[in-house]
Amino acid sequence: MGKLSIYGKKQLNPGESALIDYSSFTLGIKRNEEGWYLKSFDGVNAGQEINIDEIVNGTYYHSGKSNKLILTPALPVKPMVFKSSRIIISPQQRLTFFVKIPLVLQVYASKKQDENLLTEFPLHQISNTWFGETVNGEPAFALESDHYLDLKTIEADERFAICPISIFNNDNAALEIERLIIRVDQMHLVKFNDHLITSQVKLEYRGKDYLSSVSYGFSKILHGENQEIVAKPRNPEGKSMLKINFHFIKNIYRSE
């Protein structure tokens, strides 16, 4: 990653302040005797100056005498819904493609432990959405990402993780992807070759009348021989599941 990383350890003595900048996201930090003021400055334009005194307008976190913060990436707390009208998979064919998942910045006091998590900041604005039918659906985030067929065409960006998706169409009809849910809360986050990469999603589609199977795992090509795990799943549920992963929009208009 070419520019200074937003992640890592930050050491500040009482009374000191810092602005941690990455693209349009800036985090303001001010150390107090036994706590921290934290404030995010979103949508900051290049060259725009931030008044460091405004940091104290943020939230104060009383955490103790340690002068160290740890900033780490994490995947969103809810699943992401990928929409497409440009992917069709023929019967008995497998397609692997990639999407970009917006990341969350986690701030820990002293050590990266669950009880030391102070707060989280989204590094990229995301919108709420709904997946499935009105009655039996589930809340999720909308994924504003194109799909990529070649990993090499995706530039490294610390605000996003690359998510590899492999779909096998085990049906006798072509599969046109309309809405696909990506359960990022059940996936690992790994660093490999300057990229942050999620677990690989492996889906088997069996037709509209059947639940598709999904599993999340590692690949030596995508994640390396020995995976450098950056974040564990927020909501682990095992390696293989039967889930409603595809949602097909019903046309309520009848053609004459």
Side-chain angles (χ1 to χ4, degrees), residues 75-102 126-154 160-190 195 197-223 233-256:
L75 291 164
V77 68
K78 292 190 295 187
M80 308 289 299
V81 176
F82 171 69
K83 297 181 183 179
S84 176
S85 60
R86 300 187 295 117
I87 299 178
I88 298 176
I89 306 174
S90 297
Q92 305 304 311
Q93 294 296 312
R94 183 184 303 276
L95 171 67
T96 298
F97 63 97
F98 306 88
V99 295
K100 294 167 62 177
I101 306 292
I126 51 179
S127 303
N128 291 305
T129 190
W130 188 260
F131 180 79
E133 304 298 334
T134 304
V135 176
N136 59 359
E138 59 183 299
F141 290 125
L143 179 58
E144 308 288 341
S145 173
D146 293 327
H147 70 274
Y148 303 84
L149 298 180
D150 188 352
L151 177 62
K152 297 177 182 177
T153 64
I154 307 176
F160 298 91
I162 298 172
C163 177
I165 302 172
S166 179
I167 301 176
F168 175 58
N169 181 13
N170 192 11
D171 191 25
N172 58 7
L175 168 61
E176 181 177 359
I177 298 175
E178 296 181 26
R179 301 182 89 215
L180 167 67
I181 192 165
I182 305 171
R183 302 183 189 280
V184 294
D185 55 319
Q186 298 172 18
M187 298 159 64
H188 284 86
L189 184 63
V190 173
H195 283 293
I197 304 177
T198 71
S199 303
Q200 184 176 19
V201 183
K202 293 184 178 181
L203 285 158
E204 181 184 0
Y205 177 72
R206 300 168 179 172
K208 290 188 177 183
D209 297 329
Y210 301 92
L211 289 176
S212 52
S213 65
V214 57
S215 64
Y216 309 119
F218 298 125
S219 161
K220 292 181 181 179
I221 296 175
L222 297 170
H223 303 100
R234 292 179 183 263
N235 182 31
E237 278 196 8
K239 292 186 177 180
S240 183
M241 295 153 280
L242 290 175
K243 290 277 189 179
I244 298 175
N245 297 293
F246 300 91
H247 183 230
F248 304 97
I249 308 301
K250 296 176 181 177
N251 188 350
I252 63 174
Y253 300 103
R254 298 173 59 183
S255 57
E256 300 296 336

Ring centres under 6.0 angstrom apart (Tyr216, His188): no

How long is the span from the [atom1] atom in [X] to the [atom2] atom in [Y], to the nearest 0.5 Å?
X	Y	atom1	atom2	answer
Phe168	Ser213	CZ	OG	10.0 Å
Ile154	Ile162	CD1	CD1	4.5 Å
Ile182	Leu75	CD1	CG	10.5 Å
Thr129	Glu138	OG1	CD	11.0 Å
Asn169	Ile177	CG	CD1	9.0 Å
Ile126	Phe141	CD1	CZ	4.0 Å

Quick one, [X] and [Y] - any side-chain contact, counting heavy atoms below 4.5 Å?
X	Y	answer
Val214	Val201	yes
Asp146	Phe98	no
Gln186	Pro79	no
Lys78	Asn128	yes
Met80	Pro102	yes
Val81	Leu180	no
Pro164	Ile197	yes
Phe218	Gln200	no

In terms of heavy-atom contacts, His147 and Leu149 come closest through CD2-CD2, 4.2 Å

Kindly determine whether Glu176 and Ile87 satisfy side chain to side chain contact (heavy atoms under 4.5 Å, CB included), including the steps that lead there. CA-CA 6 Å; Glu176 181 177 359; Ile87 299 178; over 6 Å; no

Is there a donor-acceptor pair closer than 3.5 Å between any side-chain N or O of His223 and the backbone N or O of Thr198? yes

Does any N or O in the side chain of Ser145 come within less than 3.5 Å of the main-chain N or O of Lys100, such that one atom is a donor and the other an acceptor? yes

Side chain to side chain contact (heavy atoms under 4.5 Å, CB included) between Arg94 and Ser166, intermediate numbers included: CA-CA 7 Å; Arg94 183 184 303 276; Ser166 179; 3.4 Å; yes

Do other residues, nucleotides or ligands put more than 12 heavy atoms under 6.0 Å from Lys202 NZ? no

Side-chain donor-acceptor pair under 3.5 Å between Asn170 and Glu204, yes or no? yes

Without hydrogens or angle criteria, can the side chains of Arg183 and Ser199 be said to hold a donor-acceptor pair below 3.5 Å? no

Going by the angle between their ring planes, with limits at 30° and 60°, are Phe82 and Phe97 parallel, tilted or perpendicular? tilted

